[in-house]
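See structure below.
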Amino acid sequence: MSARHNRILHIDGDSFFASCEIALDPKLEGRPVWVGGGRRGDGIVIAANRQAKKYGIKTGTACFEAKRLCPSGVLCRPHYDAYRELSRQMFLILEQYAPTLVPYSIDEGFLDLTSFDEHIWRNTTPTDYVQGIRQRIWKETRLPVTAGLANSAKLAKLATDAAKGVGFLEVPAGREKDFLNDRPVSEMSGIGKNRERSIQALGALTFGQVAKLPSMLLKQKFGIWGQQLWLFANGQWNEPLVLEIKDRTTISSSTTLPQDEPDYEAALTFMLSESTRLTGQLRREQMQAREFSVAVRFTNFTEVGTSHRFKHPQFLNSVINEVLEQMFRGIMAGQRLPVRQIRIAMYNLERLDTHPTLWGRTHEERWGALDDATHQLNQQLGKTALMTGAQFALRHIDESQKQPKSKCPFTPQREMIAKLWGAAGPVKPMQPTLFD
Ligand SMILES: [Mg+2]
C-alpha cells in the first residue's frame with residue numbers, strides 16, 4: 001500500500017494566558033501584558049504578550065523584574081477558570097473544521113485535513129481555509145492563534161513556531177526537507193537535553209546535518225527513535241494523526257496553602273478536603289486506587305512524605321481518609337515549622353465498576369450515583385453547594401476557601417478530551433490508521 005500524504009494542521013494560541021486576559025478586558029489591547037503572581041505578587045511570569053516580550057519579559061521572569069523592565073506594563077493575576085472556558089470555546093470552533101481533532105494542551109490542537117480531497121480544495125486553498133479558522137476564532141473569542149500545516153503533527157508544530165507573527169505557514173508536500181534544512185534539532189518538541197547533546201556530539205546541529213548522517217548510526221545510538229529522527233530530517237516521517245484516549249494512571253494534587261499554616265490540624269483538614277475531591281473525581285472516572293502518597297513542604301522548603309499500599313484498591317472516602325490521616329500524623333510528629341504546601345497522589349489505579357447490574361444495586365454503583373449527583377448539584381449551584389465534613393470544616397477554618405482557588409490548567413490530553421466530549425470521548429468514529 002502506498003503511503004497517503006498526511007495533511008495535519010497544528011493550531012496554537014499566541015501567548016495564550018495573556019491573550020485571554022486581553023480578550024476578557026479589551027482595554028488592555030495594545031499594551032504590554034503579562035500574567036503571573038504568586039501568593040504575595042512575588043511570583044514569576046507565566047505568560048507575556050508580544051508587546052511585553054519586546055521589553056525582554058518572558059515566561060519565568062520574576063514579576064518585580066518585569067515591572068522594572070516595563071513600568072507601563074500590566075500585571076494580571078491568573079484567572080484559570082476563564083482560560084479554560086475560552087479554551088473550550090476555541091476547541092468547539094476547531095471541531096467544526098475537520099473530522100479529527102486531537103487536543104494537545106489548553107491552547108493547542110491538531111486537525112487532520114488528510115481526507116480533504118479535490119472536492120474541498122477545488123473551492124478553497126489551505127491558506128484561505130486556515131485563515132478562515134483563524135478569523136472565526138478571533139471574531140468569536142478574541143483570541144489570536146497561529147497555525148502550521150505539514151505532513152506530520154511534529155512538523156506541523158515546527159511550522160507553527162516558524163509562523164509566529166505571520167499567522168500561518170504551510171510546508172508543501174515534497175518540501176519538508178528544505179523547510180527543515182537550517183532549523184536546529186533542538187526546536188523539535190520533546191527531544192530532551194540529553195538526546196540533543198548526543199546528536200550535537202555527532203556533529204549535527206540542524207536537521208539538514210542530521211539528514212546527512214548514516215541512518216544506521218542513528219539507529220545504533222538511539223534505536224527506533226533514531227530511525228524516526230532520520231526519516232523526519234529527510235522529510236519522510238509519515239505519522240497519521242490518531243486520537244488515543246488512555247486511562248488515567250495517577251491522580252494527584254499539589255496545593256500551596258493560602259497562607260503558611262502553623263496549625264497542623266488545619267493543614268490536615270485541608271488535605272482531607274483535597275483527597276475527598278480527588279477520590280470523587282476518580283470514582284466519576286470509574287477508577288479506584290491502591291497506592292497513596294502524602295508529602296508536606298514546610299516554609300523553609302524542606303519536605304517530609306510517606307506512602308501506603310492497600311491490599312485491594314479503594315474507593316471510599318472513609319477508608320482512604322482514615323489512612324491518609326494516619327500517614328499525615330505520622331510524618332508530622334515532631335515537626336514544628338509552618339506548612340507551605342501539601343501534595344497527595346493516588347496511583348496503581350484500577351477500574352471501578354459502577355454500572356448497574358441485574359442483581360440489585362452494588363456498593364460501587366451507589367457511590368458512583370452519589371458522586372454524579374454531587375457533581376451535578378455543585379455545577380448547578382456553585383462549587384461548594386454540597387460539602388463533605390472535611391470541606392465544611394475547612395471553610396470554617398479559612399474564609400478564603402469559600403471560593404476555592406482555581407488550579408492551573410495544565411490539563412493532560414485525556415482530560416481535555418473529557419471536557420470537550422464527556423468521559424466517553426468523541427461521538428464520531430475515530431480515524432483508522434491509514435498505513436500498514
Ligand atoms: Mg501557545
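This chain uses plain numbering: 1 for the first residue, then up along the sequence. Computed from heavy atoms alone, side chains included, the values below leave out hydrogens, waters and symmetry copies. Indexing begins at 1, ligand by ligand and atom by atom, following the structure's order.
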Between K164 and G13, what is the shortest heavy-atom contact and its length? NZ-O, 3.6 Å
Around K219, counting heavy atoms of other residues, nucleotides and ligands shown, do more than 12 lie under 6.0 Å from its NZ? no
Between the CG atom in L278 and the OG atom in S252, the distance rounded to the nearest 0.5 Å is 7.5 Å
Test: ring-ring contact (aromatic ring centres under 6.0 Å, His included). Region: residues 172-216. Which pairs qualify, not counting sequence neighbours? F207-F232
Pairing donors with acceptors under 3.5 angstrom, does anything connect the side chains of N238 and N151? no
Taking CZ in R175 as the centre, count heavy atoms belonging to other residues, nucleotides or ligands within less than 6.0 Å. Is the count above 12? no
Here the Mg ion (ligand 1) sees protein N, O or S atoms within less than 2.8 Å, and their number is 3
